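To start, the structure under review is shown below, and the notes come after it.
Remember, it's a predicted structure, so these values are computed and weren't measured experimentally. Sequence positions, counted from 1, serve as the residue numbers for this chain.
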Amino acid sequence: MSEAITHLKVPMDPEIRLDCLGPDGSVAHVSRVLRSISGRWKLHILFRLFAEPTMRNAQLLKDIPNISQKMLTQHLRELENDGLVARRDFDERPPRVEYELTRSGRALTPVLISVRGNSPACISRTGTGLQIDRACRSGAPSRGARRWHQMPAYHW
């Protein structure tokens, strides 16, 4: 019997189980992060801010096709409340506001790039198992992935 199958028959240590599934365990933390980035436009906003250190509202509107001002404002506020984006108001007339990623927001960059590597558009089955598309490994969006996600070509 393989070691992996034998391991499954051993009951899980209650302390390890609590670390994973408890009220402040791994599942709770990962769920919190996923909730903070879920939303139709949040990933678009985050990837634009990964590409540019600071952006103004008008730049984001222009760079993200089909987003309305209302939705952009709503998602920026939610990202700000979740600590992923910082809003900088220059208190000028006409109003000038810039958005940038916080330290927590920048820390998500490698995680989201890694998740992108698991996209069905990037993974192909071979005789020996799974192989990641070369474009996905390099971080460059592949045509299929871009079309499938309907995302503009971001340069990471």
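- Looking only at distances, no side-chain donor or acceptor of T54 sits under 3.5 Å from a matching main-chain atom of E98.
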Candidate pair S36 and L79, rule side chain to side chain contact (heavy atoms under 4.5 Å, CB included), full reasoning: CA-CA 7 Å; S36 71; L79 289 166; 5.9 Å; no
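- Shown here for L61 and I67, the closest heavy-atom pair between the two residues is CD2-O, 3.7 Å.
- Residues in residues 65-77 take part in these side-chain hydrogen bond (donor to acceptor under 3.5 Å, both in side chains) pairs, two or more places apart or across chains: N57-Q69, Q69-T73, Q74-E78.
- Note that the CE atom of M55 and the CG atom of L60 stand 4.5 Å from one another [nearest 0.5 Å].
- Of all heavy-atom pairs spanning S104 and G83, the tightest one is CB-O, 3.7 Å.
- Below 30°, between 30° and 60°, or above 60°: for F50 and F47 the angle between ring planes is above 60°, a perpendicular geometry.
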Using a 3.5 Å cut-off and no angle test, enumerate the donor-acceptor pairs between side-chain atoms of residues 106-115 and protein atoms at least two apart in sequence or in another chain.
from, atom 1, to, atom 2, distance (Å)
R106, NH1, L101, O, 3.0
T109, OG1, R106, O, 3.0

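- Listed for the E52 side chain is no donor-acceptor partner under 3.5 Å among the backbone atoms of L49.
- To the nearest 0.5 Å, atoms CZ (R88) and CZ (R56) are separated by 11.5 Å.
- Taking R87 as the reference, E80, D89, V97, Y99 meet the side-chain contact (heavy atoms from CB on, under 4.5 Å) condition, with sequence neighbours excluded.
- Separating the CD1 atom in I45 from the CD1 atom in I37 is a distance of 12.5 Å, to the nearest 0.5 Å.
- Between W41 and L72 the shortest side-chain heavy-atom distance does not fall below 4.5 Å.
- Judged as a side chain to side chain donor-acceptor pair (under 3.5 Å), and not counting sequence neighbours, the contacts of R32 are H29.
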